[in-house]
Amino acid sequence: MTTAWYWHIKPNNYQFPLWQIILISWGIALFEYCLAVPANHLGAQWGIKPFQLKIIQEVVTLVVFTLFAILYLKDEFRLNYLISFGFILGAVYFAFKR
C-alpha cells in the first residue's frame, strides 16, 4: 500500500487531477492486495496468529516505506525514526514471545 498511498506526493506528480490519482492508486493497491492477502492466508495456515500477522505486516510496511521515502521521495532518514523502529521491533519480540 506504500506506493498506492504515497507515490503522488512527490513534487513532480502534482500535475495529476485528484480523480486520476485515486484511480491510479486503486490500480496499484489492487496489485499490492494480490500479494498481501495470500501472504496472510499462508501465514494463518502456518499457525501464525492474526495479531502476529498484523505486527509482521507493519514491520514489512515500515521497511518498504523507509526505502520508498528515501529512494523515491528523496526524504531524509533521521535518528528518531530509527529509534521508533526499534520500539516496533520490540513489539514483534513480545508478540512472538510465549
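Keep in mind the model is a prediction, meaning the values are calculated, not measured.
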- [ ] Test Ile70 against Asp75 for side chain to side chain contact (heavy atoms under 4.5 Å, CB included), laying out the working first.
- [x] CA-CA 5 Å; Ile70 292 169; Asp75 202 6; 6.0 Å; no
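- In terms of hydrophobic clustering, with Ile, Leu, Val, Met, Phe, Trp and Tyr side chains grouped at heavy-atom distances under 4.5 Å, Phe68 and Val59 are assigned to different clusters.
- From His8, atom NE2 reaches atom CD1 of Ile28 across 9.0 Å, with rounding to the nearest 0.5 Å.
- Annotation: side chain of Leu62 is in contact with side chain of Ile88 (closest heavy-atom distance under 4.5 Å).
- Residues Ile55 and Ala95 approach most closely at CD1-CB, 3.3 Å, considering heavy atoms.
- Using a 4.5 Å heavy-atom cutoff, the side chains of Ile24 and Trp7 are in contact.
- In this structure, CZ in Phe87 is found 11.0 Å from CG in Leu82, a value given to the nearest 0.5 Å.
- To the nearest 0.5 Å, the span separating CD1 on Ile9 from CD1 on Ile21 amounts to 10.5 Å.
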Show me, pair by pair, the donor-acceptor contacts under 3.5 angstrom made by side chains of residues 30-44, not counting sequence neighbours?
unit_1, atom_1, unit_2, atom_2, d
Glu32, OE1, Met1, N, 2.4
His41, NE2, Gln45, NE2, 3.4

Task: Test side chain to side chain contact (heavy atoms under 4.5 Å, CB included) applied to Thr66 and Tyr81, step by step - done: CA-CA 9 Å; Thr66 298; Tyr81 302 149; over 6 Å; no
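- For Tyr6 and Tyr72, the gap between ring centers reaches or exceeds 6.0 Å.
- Side-chain atoms of Ile56 and Phe96, non-hydrogen and from C-beta on, do get closer than 4.5 Å to each other.
- For Pro17, the side-chain contact (heavy atoms from CB on, under 4.5 Å) partners at least two apart in sequence or on another chain are Trp19, Gln20.
- In this structure, the side-chain hydrogen bond (donor to acceptor under 3.5 Å, both in side chains) partners of Lys54, at least two apart in sequence or on a different chain, are Gln57, Glu58.
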